[in-house]
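What follows is a short report on a single structure.
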Amino acid sequence: MRKLRHEEIPRLNADDLHKVKRHPITVLVDNVRSLYNVGAIFRTSDAALVEKLVLTGITGTPENHGLQKTALGAQETVPWSYEASALETLRALKRNGYTVAALEITTQPTLTTEMGAKAFPLCLIVGNELTGVQEELLALTDYALEIPLYGAKQSLNVAVAYGIAIFDIVRAYRHSAGLVQ
């Protein structure tokens with residue numbers, strides 16, 4: 001075994017991304033204050049081939065250097081928009097047939113591994129590092145997704161939690177759609 005050189009790693013060319021069918025997952029990133037977290041979410045979203053990121057509230061946008069530093073160019077390969085109102089954006093997605101899931105600890109958790117075919121297209125909400133998903137958004141969700149935690153801590157960094165959740169969700173979608181992992 002040897003480590004692959006950068007040019008040997010199989011990957012899509014950024015110019016060819018528009019030809020590829022993306023996974024039917026839109027991610028609403030609401031009030032995430034750290035540009036480094038938002039940049040990491042961009043980079044992970046590129047790897048997971050999500051259809052779009054919707055940035056809302058105080059969430060930083062790609063013109064910020066701190067975001068670019070962490071995203072490493074993913075801000076150029078992931079479709080994104082900024083919307084002032086997370087609530088109005090979420091209502092519009094629901095009207096367009098999206099199932100809504102929040103990455104949040106609630107009294108009615110669904111494990112990230114339990115998403116079925118009926119859940120797609122999906123809007124996944126990730127919220128503020130300290131306060132989580134806003135109550136008004138949580139009220140519109142169909143699922144509250146939870147990552148099992150086995151240690152003493154009750155939560156993960158938002159970008160880390162997103163990374164775990166989005167790949168569980170993508171695997172669930174690909175399995176339900178009969179796509180090769």
Could you grab the distance from atom CD of Glu76 to atom CG of Leu17, nearest 0.5 Å is fine?
-> 12.0 Å
Report whether Val32 and Ile164 are members of the same hydrophobic cluster (ILVMFWY, side-chain heavy atoms less than 4.5 Å apart, transitive linking).
-> yes
Residue pair Val170 / His23, side-chain heavy-atom distance below 4.5 Å = yes
Closest heavy-atom pair and its distance - Gly57, Asn31 | CA-OD1, 3.2 Å
Is the shortest heavy-atom distance from the side chain of Asp16 to the side chain of Val20 under 4.5 Å?
-> no
Leu53 side, atom CG; Gln75 side, atom CD - distance, nearest 0.5 Å = 11.5 Å
Glu135 CD: over 12 foreign heavy atoms closer than 6.0 Å = no
Is the backbone of Ala92 close enough, under 3.5 Å, to the side chain of Asn96 for a donor and an acceptor to pair up by distance?
-> yes
In terms of hydrophobic clusters joined by side-chain contacts under 4.5 Å, are Tyr82 and Phe42 together?
-> yes
Would you say Tyr162 and Leu49 are hydrophobically clustered, going by side-chain heavy atoms of ILVMFWY under 4.5 Å?
-> no
So CG of Asn64 and NZ of Lys69: to nearest 0.5 Å the spacing works out to 13.5 Å
Scanning both residues in full, the closest heavy-atom pair of Asp46 with Ala74 reads CB-CB, 4.0 Å
One should read off an interatomic distance between Glu136 CD and Asp30 CG, to the nearest 0.5 angstrom, of 8.5 Å
Val54 vs Val29 side-chain heavy atoms within contact, under 4.5 Å | no
Throw together a table of side-chain donor-acceptor distances under 3.5 angstrom for residues 99-111, partners on residues two or more places apart or in other chains.
{"from": "Thr99", "atom 1": "OG1", "to": "Ala119", "atom 2": "O", "distance (Å)": "3.3"}
{"from": "Glu104", "atom 1": "OE1", "to": "Val133", "atom 2": "N", "distance (Å)": "2.7"}
{"from": "Thr106", "atom 1": "OG1", "to": "Gln108", "atom 2": "N", "distance (Å)": "3.1"}

Minimum side-chain heavy-atom gap Met115-Tyr143 below 4.5 Å = yes
Taking atom types as modelled, find out whether Thr113 and Asp168 have a side-chain donor-acceptor pair closer than 3.5 angstrom.
-> no
Just by distance, with hydrogens left out, do Thr26 and Glu51 show a side-chain donor and acceptor under 3.5 Å apart?
-> yes
In short, Gly60 meets Leu35 closest at the heavy-atom pair CA-CD2, 3.7 Å
Are any non-hydrogen side-chain atoms of Lys52 and Ser81 less than 4.5 angstrom apart?
-> yes
Between the main-chain N or O of Ser34 and the side-chain N or O of Glu129, is there a donor-acceptor pair closer than 3.5 Å?
-> yes
Report yes if the side chains of Leu140 and Leu87 come closer than 4.5 Å at any heavy-atom pair, otherwise no.
-> yes
Answer yes or no: is there an ion pair linking Arg2 with Glu8, defined by an N-O contact shorter than 4.0 Å?
-> yes
Check for a donor-acceptor pair, side chain of Thr131 on one end and backbone N or O of Asn128 on the other, with a separation under 3.5 Å.
-> no
Atom CZ of Arg171 and atom CG of Leu179: how far apart are they, to the nearest 0.5 Å?
-> 14.0 Å
Would you mind writing out the side-chain donor-acceptor pairs for residues 149-159 within the sub-3.5 Å range, not counting sequence neighbours?
{"from": "Asn157", "atom 1": "OD1", "to": "Ala159", "atom 2": "N", "distance (Å)": "2.8"}
{"from": "Asn157", "atom 1": "OD1", "to": "Val160", "atom 2": "N", "distance (Å)": "3.2"}
{"from": "Asn157", "atom 1": "ND2", "to": "Asn37", "atom 2": "OD1", "distance (Å)": "3.2"}

Is Leu67 linked to Trp80 within one hydrophobic cluster, defined over Ile, Leu, Val, Met, Phe, Trp and Tyr using a side-chain heavy-atom separation of less than 4.5 Å?
-> yes
Closest approach of Leu28 and Cys123, non-hydrogen atoms and distance?
-> CB-SG, 4.0 Å
Correct closest heavy-atom pair for Thr77 and Arg22 would be O-NH2, 2.7 Å
Measure the spacing between CZ of Phe167 and OG1 of Thr44 and express it to the nearest 0.5 Å.
-> 6.5 Å
What heavy-atom pair brings Ala48 and Ile166 nearest, and what distance separates the two atoms?
-> CB-CG1, 4.0 Å
Within-4.5 Å side-chain heavy-atom neighbours: Val78 and Arg43 = no
Are side-chain heavy atoms of Lys19 and Leu12 found at a separation under 4.5 Å?
-> no
Give the cluster check for Leu55 versus Tyr36: same hydrophobic cluster or not, with ILVMFWY residues linked at side-chain heavy-atom distances below 4.5 Å.
-> no
